[in-house]
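To start, the structure itself, in C-alpha cells.
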Amino acid sequence: MSSFAHQLIRWQKQHGRHHLPWQGADAYRVWLSEIMLQQTQVATVIPYYQRFVAAFPDVAALAAASEDDVLAHWSGLGYYARGRNLHKAARIVVEKFDSAFPRKFDDIVELPGVGRSTAAAVCALAYHERRAILDGNVKRVLARYCGIEGWAGDKKVEERLWQQAEALLPESDIATYTQALMDMGATVCTRIKPKCVLCPVQADCVALATDRVAALPTPRPRKAVPERHAVFLLLMHGNDILLEKRPSSGIWGGLWCPPQFEDETAAREWFIRQELEASAGERLEEFSHTFTHFRLHITPLKVQLAHKPLRAAQPGAMWLEVEEALGAAIPTPVRKVLSVLSPLLSNQHQNRRG
DNA sequence: AAGCCGGGGGC
DNA sequence: GCCCCAGGCTT
C-alpha cells in the first residue's frame, strides 16, 4: 500500500469525523447524502438530510412521494435539479431494481444526477468497493500533494487528478480511506490557512516542499457577473397568495413562485389582461439575490385584489395561505418575501424548513 | 469546452 | 466583497 493511503487511514481512525449522520448507513442514505453534498457544505446539508430521511426513510417511500413533496423538502438547498433527479432515480430503482438500491457501479452511475464521483462514493462508502472519488476536497488534496498546476475544470487537469486518485487507492479499508480523504480536505487541507503541521502526509507533499500550498489548487478563472432585474407580483386575496409552478428547466425549475416579470410595466400589462381589479397596491423594499452566474435585483409588488378572482387558479398555479406557502417547494428569495409579508408568523414556523 | 444550475459558510 | 463547496447535465 502507498504511504499516502496508509497514513490517511491511520489519521482517519484518530482524527477523522465519525459522527456524520450518514456514516455507516445503507446505500440509499449514502446516495442521498452524496447528492445533497454536491456543491454544498456538510453543515448546510445535515438538517436537510435529517428531515429528508424522516419523511422518506427508504427508496420506496421516496418513489411513492410526489415530486412536489420532495422539492418542498429540498426548498432552500438550491440546485433543484438534484431534487428532481433524486425523485426520478428513486422511481427507476423501484421499477427497474425492484426497490433495492443497485449494487453495481455501472447501474448506479446510470441514475439521473449521479456521475462518476458520486457513484464511486456510494460504492466505496456503502459497499466497500475499490473506487476512486474526485470531489472538491480530493481535488484540493491531490493538487497539493502531487503539485498539480492548472484549474481542475480544465479537462487535461481533471484527467491527471483522476489518474492520481486511482493510483493512490489502497487495496483495502476503502471506506475509511475515502472518508479520510474528505475529512482531511475539510479539516486539515483547507482552502484557506491549511494546517500543514497536522497533516499526516506533510513529509511527501509537493506543494509544501516547493512552497506552493497557498497557490494550489489553481483557482478558476473569474468573469464579471451580470446584473438582472425582476418584479415579483404578490397577488393577494386576504391571506392567500397566488403562486405559479415554474417549468422544470431553468432557474428554480419545478418550484413555486409569484408571477415574475422583467419590469413593472410588464407586470401591470399582465394584471390588466387578467381583468383583475386592485383595491390597494404597494411596492415593497427591493432586495438582491446572487447566483453563481448573475445577480438578480428583485422588486416585490404587493397587490390586494378587490374581489375574489372569478376563475379558479389556472393549471400550474394555486392560491395558498402565506403560512402554507412557506411549507411548499419555494426558493429562498420567495421565502424571504413571504416572511416579510407575514410578520405575525412565529419564528419557529418560519424556520421549520431551515 | 463552456455554460447552467442556488445558497451559504468562512474569511 | 470574494471564493468555493462530498458535481452533473446540457449545449
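The structure presented is a predicted model; accordingly, all values stated were derived computationally and were not measured. Proteins get letters first, then strands, A, B, ... in listed order; numbering begins at 1 in each.
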Think A:Tyr79 has a side-chain N or O under 4.0 angstrom from the OP1 or OP2 of C:dC9?
-> no
Can you find a pair of side-chain heavy atoms, one from A:Ser75 and one from A:Leu255, that are under 4.5 Å apart?
-> no
Quick one: are A:Leu235 and A:Leu276 in side-chain contact, heavy atoms under 4.5 Å?
-> yes
Can you sort out which residues in residues 135-153 of chain A have a heavy atom within less than 4.0 Å of DNA chain C? Ascending by number, please.
-> A:Asp135, A:Gly136, A:Asn137, A:Arg140
Are any of A:Thr118's side-chain N or O atoms less than 4.0 Å away from OP1 or OP2 of C:dG7?
-> no
Could you label the plane-to-plane angle of the A:Phe4 and A:Tyr177 rings as parallel, tilted or perpendicular, counting under 30° as parallel and over 60° as perpendicular?
-> perpendicular
Residues in ring-ring contact (aromatic ring centres under 6.0 Å, His included) contact with A:His289, at least two apart in sequence or another chain = A:Phe291
When you check the gap from the basic side-chain N to the acidic O, do A:Lys104 and A:Glu110 get nearer than 4.0 Å?
-> no
A:Cys189 vs A:Tyr145 side-chain heavy atoms within contact, under 4.5 Å | no
Taking only residues two or more places apart in sequence, or in another chain, which ones meet A:Arg283 in a salt bridge (charged side-chain N to carboxylate O under 4.0 Å, His left out)?
-> A:Glu264
Checking A:Lys245 side chain against A:Trp256 main chain: does a donor-acceptor pair fall under 3.5 Å?
-> no
Whole-Å distance, A:Arg82 CZ to C:dA6 P, equals 12 Å
Here the residues of residues 180-196 of chain A within 4.0 Å heavy-atom distance, strictly under, of DNA chain C are A:Met182, A:Arg191
Rounded to whole Å, CG of A:Leu71 lies from P of B:dG7 at a distance of 12 Å
Which of parallel (below 30°), tilted (30 to 60°) and perpendicular (above 60°) describes A:Phe101 and A:Trp31?
-> tilted
Under a 4.0 Å heavy-atom cut-off, which of residues 285-299 of chain A touch DNA chain C?
-> none
For A:Ala27 and A:Ala126, the nearest pair of non-hydrogen atoms, with its separation, is CA-CB, 3.8 Å
Out of C:dA6, B:dC5, C:dG8, which nucleotide sits closest to the side chain of A:Ser117?
-> C:dG8
Among side-chain atoms of A:Arg160 and A:Gln163, is any donor-acceptor pair under 3.5 angstrom?
-> no
Could you identify which residues cluster with A:Val109, counting Ile, Leu, Val, Met, Phe, Trp and Tyr as linked when any side-chain heavy atoms lie under 4.5 Å apart, either directly or through a chain of such contacts?
-> A:Phe105
Per the under-4.0 Å heavy-atom filter, residues of residues 243-256 of chain A near DNA chain B come out as A:Gly250, A:Ile251, A:Trp252
Base-paired stems in DNA chain B, each at least three Watson-Crick or G-U pairs under 3.5 Å | B:1-5 with C:7-11, B:7-11 with C:1-5
Do you reckon A:Leu86 sits in the same ILVMFWY cluster as A:Val94, going by side-chain contacts under 4.5 Å, direct or chained?
-> no
With a 4.0 Å heavy-atom cut-off, tell me which residues in residues 30-41 of chain A come close to DNA chain B, sorted by residue number.
-> A:Gln39, A:Thr40, A:Gln41
To the nearest angstrom, the CG-C1' distance between A:Leu161 and C:dG7 comes to 14 Å
Check whether more than 12 heavy atoms from other residues, nucleotides or ligands sit under 6.0 Å from atom CZ of A:Arg103, and answer yes or no.
-> yes
Any A:Arg29 side-chain heavy atom under 4.5 Å of A:Tyr49 side chain | yes
Taking only heavy atoms on the protein side, list every residue of residues 101-110 of chain A lying under 4.0 Å from any atom of DNA chain B, sorted numerically.
-> none
Pair A:Glu285 + A:Lys336: basic N to acidic O under 4.0 Å = no
Near DNA chain C, under 4.0 Å by heavy atom, which residues of residues 218-228 of chain A?
-> A:Pro219, A:Arg220, A:Arg222
A:Arg335 CZ to B:dG6 P: how many Å, rounded?
-> 15 Å
Most 5' of A:Asp154 and A:Pro331 on DNA chain B, judged by nearest nucleotide | A:Asp154
Are A:Glu159 and A:Lys156 close enough that some pair of their side-chain heavy atoms sits under 4.5 Å apart?
-> no
Quick one: ring-ring contact (aromatic ring centres under 6.0 Å, His included) partners of A:His229, sequence neighbours excluded?
-> A:His297
Does the A:Arg191 side chain pair with the main chain of A:Gly185, one donor and one acceptor, at a distance under 3.5 Å?
-> no
Between the side chain of A:Gln23 and the main-chain N/O of A:Arg17, is any donor-acceptor distance below 3.5 Å?
-> yes
With heavy atoms under 4.0 Å as the rule, sort A:Gln179 into base, sugar-phosphate or nothing.
-> base
A:Asn85 CG to C:dC9 P, in whole Å, measures 7 Å
Under a 4.0 Å N-O cut-off, is there an ion pair linking A:Arg84 with A:Glu67?
-> no
Inter-nucleotide P distance (C:dA6, B:dC4), Å rounded | 24 Å
Start at the 5' end of DNA chain C and walk down; is the nucleotide closest to A:Leu111 or to A:Trp22 reached first?
-> A:Trp22
In whole angstroms, the gap separating P of B:dG8 from CG of A:Leu77 amounts to 9 Å
Would you say A:Met182 and A:Ile133 make side-chain contact, with heavy atoms under 4.5 Å?
-> yes
Side-chain donor or acceptor of A:Gln202 paired with backbone N/O of A:Val197 under 3.5 Å | yes
Pair A:Arg82, A:Gln39: side-chain N/O donor-acceptor within cut-off below 3.5 Å = no
With P as the reference atom in both, quote the distance from C:dT10 to B:dG6 in angstrom, rounded to an integer.
-> 14 Å
